[in-house]
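Heads up: the structure comes next, in structure tokens.
Note that the coordinates shown come from a computational prediction; the quantities given were computed from them, not determined experimentally. Every number for a ligand or one of its atoms is a count from 1 in the order of the listing.
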Amino acid sequence: MQTAICPGSFDPLTLGHLDVISRAAGMFEHVVVLVVANVNKKCMFTLAERAEMAREATRDLPNVTVDTWDGLLVDYATRYENPVVVRGLRAVTDFEYEFMMALTNNKLNPNMEMVFLASNEKYMYLSSSTVKEVFTYGGDVSRFIPPTVNEAMRKKAKGRND
Ligand code: PNS
């Protein structure tokens, strides 16, 4: 069975992420949405919260599972034979970072292929950071994220303000 891993911080998962995950689910027998504890980012949600949001958002995709990981992506990938990592590419701005990661990962584990899906034009501008910024200043983010994620963000904010 060919497994694709869709790794990311997903803080929070956006409609852009969901689009890439759904497309990967149509191409591979099994897709793992891997919620990663990214040391370079200060996250709004815990790893467990991010995973729960990803689970809710992908509930209707039967061949998608969600897992968490606090380590190197190449180490996680060793549990699968010929693993493929799928990442979305939004624009030129993503390219340098993604290329650097792909080449580094390739040095660490040449058996792990990385493939890139061109972002759906509807979501080219969308990022988790922008969603958080708009949300933090009271803007409506419902058009950028799945309803269940919107609910989780509201709960989080309420918890902070209580
Ligand atoms: O959603 P993000 O933050 O752009 O995802 C980046 C992520 C989590 C895929 C990347 O940081 C990652 O793979 N982290 C795991 C640790 C690792 O393997 N680092 C080396 C990357 S070259």
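Every residue two or more places apart in sequence or in another chain that forms a side chain to side chain contact (heavy atoms under 4.5 Å, CB included) with Ala48 is listed here: Thr46.
Between the Asn150 side chain and the Val141 main chain, no donor and acceptor come within less than 3.5 Å of each other. The main-chain N or O of Pro7 is found under 3.5 Å from a side-chain atom of Arg87 such that the two form a donor-acceptor pair.
In this pair, Tyr76 and Tyr80 present their aromatic rings tilted. The plane angle is within the 30 to 60° band.
In terms of N/O distances under 3.5 Å, ligand 1 is approached by Arg87. Ligand 1 has no N or O atom lying under 3.5 Å from any N or O atom of Asn105, backbone or side chain.
Put simply, no part of Met100 is less than 4.0 Å from ligand 1, judged by heavy atoms. The shortest heavy-atom distance from Ala37 to ligand 1 is not under 4.0 Å.
Ser128 and His17 get closest at one heavy-atom pair: OG-CE1, 3.3 Å.
By the criterion of a heavy-atom distance under 4.0 Å, both the backbone and the side chain of Leu72 are placed next to ligand 1. Residue-level proximity to ligand 1 for Tyr97 is carried by the side chain, the only part with a heavy atom below 4.0 angstrom.
Considering Lys42, Lys156, Lys132, Lys41 in turn, Lys132 is the only one that fulfils the salt bridge (Lys or Arg N to Asp or Glu O under 4.0 Å) rule with Asp11.
A salt bridge does not link Glu151 to Arg154: none of the charged side-chain nitrogens sits closer than 4.0 Å to a carboxylate oxygen.
Scanning Leu73, Ile5, Leu13 for the heavy atom closest to atom 18 (O) of ligand 1 points to Leu73.
Of the protein's non-hydrogen atoms, Ser9 N, 2.9 Å is the one closest to atom 1 (O) of ligand 1. With respect to atom 10 (C) of ligand 1, the closest heavy atom belonging to the protein is Met101 SD, 3.7 Å. Nearest to atom 11 (O) of ligand 1 among the protein's heavy atoms is Asn38 ND2, 3.5 Å. Looking from atom 15 (C) of ligand 1 to the surrounding protein, the closest heavy atom is Gly71 O, 3.4 Å. Regarding atom 14 (N) of ligand 1, its nearest protein heavy-atom neighbour is Val36 CG1, 3.7 Å.
For ligand 1 and Lys41, the ligand atoms under 4.0 Å from any heavy atom of the residue are 2 (P), 3 (O), 4 (O). Near Thr104, with a cut-off below 4.0 Å to any heavy atom, the atoms of ligand 1 are 22 (S).
Listed by chain and number, the hydrophobic cluster partners of Tyr97 are Met100, Met101, where partners are ILVMFWY side chains within reach of under 4.5 Å, directly or through others.
With contacts defined as side-chain heavy-atom distances shorter than 4.5 Å, the pair Ser127/Arg90 qualifies.
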